[in-house]
There are 2 protein chains.
Amino acid sequence: MPAVPRTISKKIIRQENEKLILEAAEKVFAEAGFGGATMQLIADVAGLPKANLHYYFPTKEALYRQVVESIFHDWLDAAAYFDDAEGPIDGLGAYIDAKMEISRSHPAGSKVWASEIMHRAPVIQDYLETTLRDWTEDRVAVIQTWIDRGLMDPVDPHHLLYMVWATTQHYADFGHQIETLNNGQPFDDDQWKRAKDTVKSIILRGINARARRV
Amino acid sequence: MPAVPRTISKKIIRQENEKLILEAAEKVFAEAGFGGATMQLIADVAGLPKANLHYYFPTKEALYRQVVESIFHDWLDAAAYFDDAEGPIDGLGAYIDAKMEISRSHPAGSKVWASEIMHRAPVIQDYLETTLRDWTEDRVAVIQTWIDRGLMDPVDPHHLLYMVWATTQHYADFGHQIETLNNGQPFDDDQWKRAKDTVKSIILRGINARARRV
DNA sequence: CCACAACCTGACCAACCGGTCAAGAAAATT
DNA sequence: AATTTTCTTGACCGGTTGGTCAGGTTGTGG
């Protein structure tokens with residue numbers, strides 16, 4: 001009389017298969033681009049027949065859109081560290097750390113995002129014009145208060161953000177180039193720490209970040 | 001008796017058509033990616049029938065390879081400013097200026113390069129392992145002499161180079177995102193100058209570049 | 001003016017792609 | 001146990017793609 005029979009699958013089938021497909025899709029879209037990716041290859045990576053993909057996601061575009069949206073939300077979440085900070089050393093430092101961690105643990109997502117932007121954002125242009133724009137202006141305002149409070153030099157906040165995005169995402173998007181220049185070896189823990197520290201150090205020094213008004 | 005009849009085409013036909021095709025290909029590959037680009041579209045942009053493309057370039061891969069190689073060489077040339085400089089302020093400053101100019105005037109090339117790297121460099125991996133590696137180690141050595149001569153703080157030269165590449169190329173590769181955040185407007189002259197100055201200022205300050213040993 | 005080489009191109013083809021569908025298997029509900 | 005819903009899948013289809021090719025045109029050298 002097992003009250004809960006060990007049936008592995010219940011109503012979670014949909015949830016599990018969608019996750020399986022989305023993970024495979026992210027990998028394939030990152031490696032081949034939208035145009036180069038095929039539903040057949042995504043199906044093979046997911047270990048499912050192709051027709052099954054179309055049962056869960058009506059079109060290739062719909063699947064791609066969901067992948068990009070998922071990345072976008074992960075990416076926005078990394079800003080939590082930004083807001084509660086007392087100044088640029090804590091705030092920017094933690095934000096850079098968080099973005100470097102994403103580049104390390106989630107490089108495929110970063111590549112899909114980069115690819116989408118490079119192709120003029122055919123799928124998520126509306127997000128750029130609403131969510132991303134609002135998000136950016138909020139953080140620009142935070143940086144401006146740091147400047148006004150004398151906690152950093154008066155640097156254009158937009159370009160500062162672009163530099164943080166560019167530098168941190170570079171370790172994901174151009175990971176293959178970096179790996180090649182690292183004798184074909186991926187970074188080990190020490191090298192990732194060194195990368196993080198160097199990036200933080202140059203940027204924080206570069207804006208003359210300080211704990212108290214001088 | 002016009003000594004030089006105005007024949008537009010002589011033996012230069014090949015040269016001109018190849019240039020026409022390569023320029024169209026760079027644009028299309030940048031906008032659609034390798035997989036998304038079609039020979040038909042490249043032909044339309046070049047204003048030539050598709051079969052004519054295959055007369056000059058045997059396959060899509062061959063055409064793509066030539067585009068990428070051309071970009072790679074332009075890109076390496078920008079380093080001339082690096083070598084004859086007295087220190088990081090001149091050398092890095094001029095290099096950043098040059099790379100920012102390329103991002104502004106040649107964004108399509110930068111995107112094709114980024115795409116190739118993101119897809120694990122299926123076409124130019126050999127260049128990465130030879131030319132790029134040698135080039136990089138040479139510049140790392142130059143930066144190291146600056147450090148040894150007390151002209152900048154002891155910063156890991158590799159990560160410094162990555163930051164310069166990332167930041168400058170970001171303005172090309174993510175130009176659409178930046179444009180969207182700039183109220184849908186491309187940068188004007190003043191904004192490009194501001195971008196350049198900000199990038200140079202943060203990086204040079206960030207490594208504590210100076211003209212004389214202190 | 002001739003012969004040869006370089007260039008041009010419409011028509012065509014096999015391969016592949018995204019997407020459909022019908023028929024059934026498995027789960028959930030009653 | 002019966003019924004309904006959800007899930008699975010091989011086979012198939014129209015459209016597109018990279019690439020070919022034969023026949024023609026244009027330019028060049030003698």
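Lettering of chains follows the sequences in order, A, B, ..., and the numbering in each one begins at 1.
Between B:I21 atom CD1 and D:dG18 atom P there is a gap of 15 Å when expressed in whole angstrom units. As rounded to whole Å, 11 Å separates atom P of D:dT8 from atom CD of A:E16. In this structure, A:R14 atom CZ and C:dA28 atom P are separated by 14 Å, rounded to whole Å. Per the geometry, CD1 belonging to A:I12 stands 16 Å off P belonging to D:dT6, to the nearest Å. Atom CG in B:L63 sits about 15 Å away from atom C1' in D:dT17, given to the nearest Å. Rounded to whole angstrom, the span from the CG atom of B:D44 across to the P atom of D:dG18 amounts to 12 Å.
Using modelled atom types and a 3.5 Å distance limit, the side chains of A:D173 and A:S110 yield a donor-acceptor pair. A:E137 and A:H158 form a side-chain donor-acceptor contact under 3.5 Å, judged by distance and modelled atom types alone. A side-chain donor from one of A:H176 and B:Q125 sits under 3.5 Å from a side-chain acceptor of the other.
The bend of the helix from C:dC1-D:dG30 to C:dT30-D:dA1, defined by the angle between the axes of its first five and last five pairs, stands at 20° to the nearest 10°.
Applying the salt bridge (Lys or Arg N to Asp or Glu O under 4.0 Å) criterion to A:E69, with sequence neighbours excluded, gives A:R65.
The two atoms that bring B:V164 and B:I96 nearest to each other are CG1-CG1, 3.9 Å, heavy atoms only.
The aromatic ring centroids of A:F34 and A:Y64 lie less than 6.0 Å from each other.
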Legend entry - Contact pattern, 5' to 3', of nucleotides 10-17 of chain C - B, S or - by protein heavy atom under 4.0 Å: B------S

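Using a 30° and 60° split on the angle between ring planes, A:W146 and A:F82 fall in the parallel class, below 30°.
Applying the side chain to side chain donor-acceptor pair (under 3.5 Å) test to pairs two or more places apart or on separate chains, those with a residue in residues 34-56 of chain A are A:N17-A:Y56, A:Q40-A:D44. Listed by first and then second residue, the ring pair (Phe, Tyr, Trp, His ring centres under 6.0 Å) pairs that reach into residues 100-123 of chain B are B:F72-B:W113, B:W75-B:W113, sequence neighbours excluded.
Close to D:dT6, at under 4.0 Å from its OP1 or OP2, lies no side-chain N or O of A:N17.
A 4.5 Å side-chain heavy-atom check between A:K19 and A:E23 finds at least one atom pair inside the cut-off.
Using a distance-only test at 3.5 Å, with no hydrogens or angles considered, no donor-acceptor pair links the side chain of A:S70 to the main chain of A:Q66.
For the segment residues 52-59 of chain A, the set of residues with a heavy atom within less than 4.0 Å of an atom of DNA chain D comprises A:N52, A:Y55, A:Y56, in numerical order.
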